[in-house]
Structures are given as C-alpha cells and as structure tokens.
Amino acid sequence: MRRAAMTPRQRVDHLYEVISSRRFLAMEGLNNEIPFFICPYAPDQAFDMANDVRGLKRRLSNAGIKILMLDLYDLSLELLREREVLDAIIEGETGYEKSELKELLQGVLDPAKHLIPRMAALMASTDHQVIFMTGVGEVYPFIRSHNVLNNLQSAAKHCPTVLFYPGEFTHQLDGSASLDLFGKLHEDKYYRATNILHYEV
C-alpha cells in the first residue's frame with residue numbers, strides 16, 4: 001500500500017508489520033545497500049506522528065524488539081549544554097545576526113565531529129535491534145538530515161535505522177532520489193535509503 005493511500009492507522013500498522021518482521025530485522029533484500037529507511041509523512045501530521053512513533057516503540061518493545069530512540073533535537077540540546085553555549089545563545093539571541101547564529105550552531109552541532117560520535121556512543125552502550133531517528137524538522141537548518149545520514153553510514157551498519165521525515169522522499173525514473181523537507185525545501189539528493197512505506201514483507 002502506497003503512502004498516499006494510507007491512513008495514519010494503516011501507516012503505523014504497516015510500520016509495525018515491517019519492523020517486527022524477520023526479513024527486516026535480518027536486513028534482507030537491500031541489494032548491498034546500507035540499512036537506512038525513510039518514513040516520510042505530511043508536516044501537518046507532526047504532532048500525531050510523534051505520538052504514533054512513541055506508541056509504535058511501545059508496541060515493538062512489548063513484542064520483544066529493542067528500539068534505540070535518537071532525537072536530533074534532544075541530542076543537539078545536550079551537546080549545546082555540554083559545550084556550555086546553550087544559555088549564552090538564549091541570552092544573546094537577539095544580538096546575533098541570523099548568519100552568525102547559524103554558523104555557531106552548525107559548528108557546535110557538526111555531524112561528523114560531534115553529533116555522530118554521540119550517536120555512536122549511544123549505540124555502543126544501548127542494547128538495540130532497530131534505531132528510530134526523529135527531530136529532523138526541529139533542527140533544520142542547523143542540521144541537515146542528508147548530512148547526518150551520510151556521516152552515519154560507518155556507524156550504523158549493524159541494524160536498521162528508520163528516519164521519520166516531515167516531507168517527501170521521492171525516487172525519479174532515472175534512479176535518483178531526493179529529500180524535500182516540509183514538502184517544499186529541497187535538501188539534497190540521497191540515494192542510499194529505502195522508503196519504508198514501500199517495503200514489503
């Protein structure tokens with residue numbers, strides 16, 4: 001069933017059926033691609049989707065499947081607090097030019113230098129079979145999801161990763177694919193993920 005034809009209830013049931021399947025957990029049928037999956041959803045469904053993801057995690061946990069939740073927004077706040085810049089940014093926000101604030105945050109939250117090492121540490125210290133990644137819309141434009149995915153490839157090959165994406169993940173006839181945040185902002189081309197709503201078990 002394609003995403004356009006799915007109700008939210010059908011979508012979460014499909015996600016449960018796929019993620020709980022032996023084929024998905026064994027990372028079969030990926031044609032040697034990395035086990036990254038995109039779950040696109042309409043941006044105006046963000047609140048409901050957040051509730052659905054929490055409910056899906058509970059449902060999978062009850063079935064004995066261990067989920068590691070990685071929220072980009074929460075991880076970003078942790079990094080900013082640890083670097084002791086969060087309070088300074090909040091207090092001095094009105095004094096920053098937008099470009100200055102963006103540059104500062106992108107430096108502190110650089111995926112390769114800071115964000116991915118934190119994620120890798122959580123992966124190493126937490127028993128899990130699947131990774132759920134959320135918070136994409138909340139960290140834009142300081143963190144771009146395609147940069148996270150590109151840098152995460154070396155750290156997250158051991159199990160499936162599902163990125164919940166508020167926008168479109170589309171494939172073209174020429175084989176290319178693109179991430180369009182909020183259905184409007186063209187982020188970048190990203191070829192190495194699978195649309196989980198099209199994954200069959």
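Side-chain contact between M49 and F164 is present, with heavy atoms from C-beta onward closer than 4.5 Å. Side chains of K157 and M27 form no contact here, defined as non-hydrogen atoms less than 4.5 Å apart. Proximity of E168 to P40: side-chain heavy atoms (C-beta onward) are nowhere separated by under 4.5 Å. Contact of the I38 side chain with the T194 side chain is not registered, since no non-hydrogen atoms from C-beta on lie closer than 4.5 Å. Between E82 and R118, some side-chain heavy-atom pair lies under the 4.5 Å cut-off. Looking at L115 and D110, their side chains never come closer than 4.5 Å, going by heavy atoms from C-beta outward. Counting heavy atoms from C-beta outward, Y73 and L75 have side chains that stay 4.5 Å or more apart.
For the atom pair I131 CD1 and L68 CG, the distance stands at 5.5 Å (nearest 0.5 Å). Note that OG1 of T126 is 12.0 Å distant from NZ of K66, once rounded to the nearest 0.5 Å. From I116, atom CD1 reaches atom OG of S154 across 8.0 Å, with rounding to the nearest 0.5 Å. Here I67 contributes atom CD1 and R58 contributes atom CZ; the two are 13.0 Å apart, rounded to the nearest 0.5 Å. Put simply, NE2 on H146 and CG on N151 are 9.5 Å apart, with the number rounded to the nearest 0.5 Å. The SG atom of C39 lies 6.0 Å from the CZ atom of R11; values are rounded to the nearest 0.5 Å.
Under a 3.5 Å cut-off, the side chain of Y41 and the backbone N or O of Y165 do not form any donor-acceptor pair. Of the possible donor and acceptor atoms, one in the side chain of H14 sits under 3.5 Å from a partner among the backbone N and O of I196. Here the side chain of S21 pairs a donor or acceptor atom with the backbone of V18 at under 3.5 angstrom.
Screening L163, L60, T161, D71 for a side chain to side chain contact (heavy atoms under 4.5 Å, CB included) with F132, the sole residue that qualifies is L60.
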Check the pair H114, L109 against side-chain contact (heavy atoms from CB on, under 4.5 Å), reporting the backbone distance first and the verdict last. CA-CA 6 Å; H114 305 296; L109 302 174; over 6 Å; no
Between S76 and I143, is a side-chain contact (heavy atoms from CB on, under 4.5 Å) present by the stated rule, with each step listed? CA-CA 9 Å; S76 297; I143 299 174; 3.3 Å; yes
Does the pair R144 and N147 meet the rule for a side-chain hydrogen bond (donor to acceptor under 3.5 Å, both in side chains), with working shown? CA-CA 5 Å; R144 306 290 287 272; N147 284 337; over 6 Å; no
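Scanning all heavy atoms of the two residues, the minimum distance from I65 to S20 falls at CD1-CA, 3.4 Å. Of all heavy-atom pairs spanning P166 and P43, the tightest one is O-CG, 3.8 Å. Here the shortest heavy-atom pairing between T134 and M69 reads CG2-CE, 4.4 Å. When all heavy atoms are compared, the tightest approach of L152 to M123 is CD1-CE, 3.5 Å. Of all the heavy atoms in L197 and M6, the pair that sits closest is O-CE, 3.9 Å. The two residues V130 and V162 have their closest heavy-atom pair at CG1-CG2, 4.3 Å.
Here R83 does not pair with E78 in a salt bridge; the nearest charged N to carboxylate O distance is not below 4.0 Å. Salt-bridge formation is not detected for the pair R23/E200: no Lys NZ or Arg NE/NH1/NH2 atom is positioned less than 4.0 Å from an Asp or Glu carboxylate oxygen. A salt bridge links D13 and R59; the closest N-O separation between the charged side-chain nitrogens and carboxylate oxygens is under 4.0 Å.
Ring centers of F37 and Y199: under 6.0 Å apart, within the cut-off.
H158 and H128 form a side-chain donor-acceptor contact under 3.5 Å, judged by distance and modelled atom types alone.
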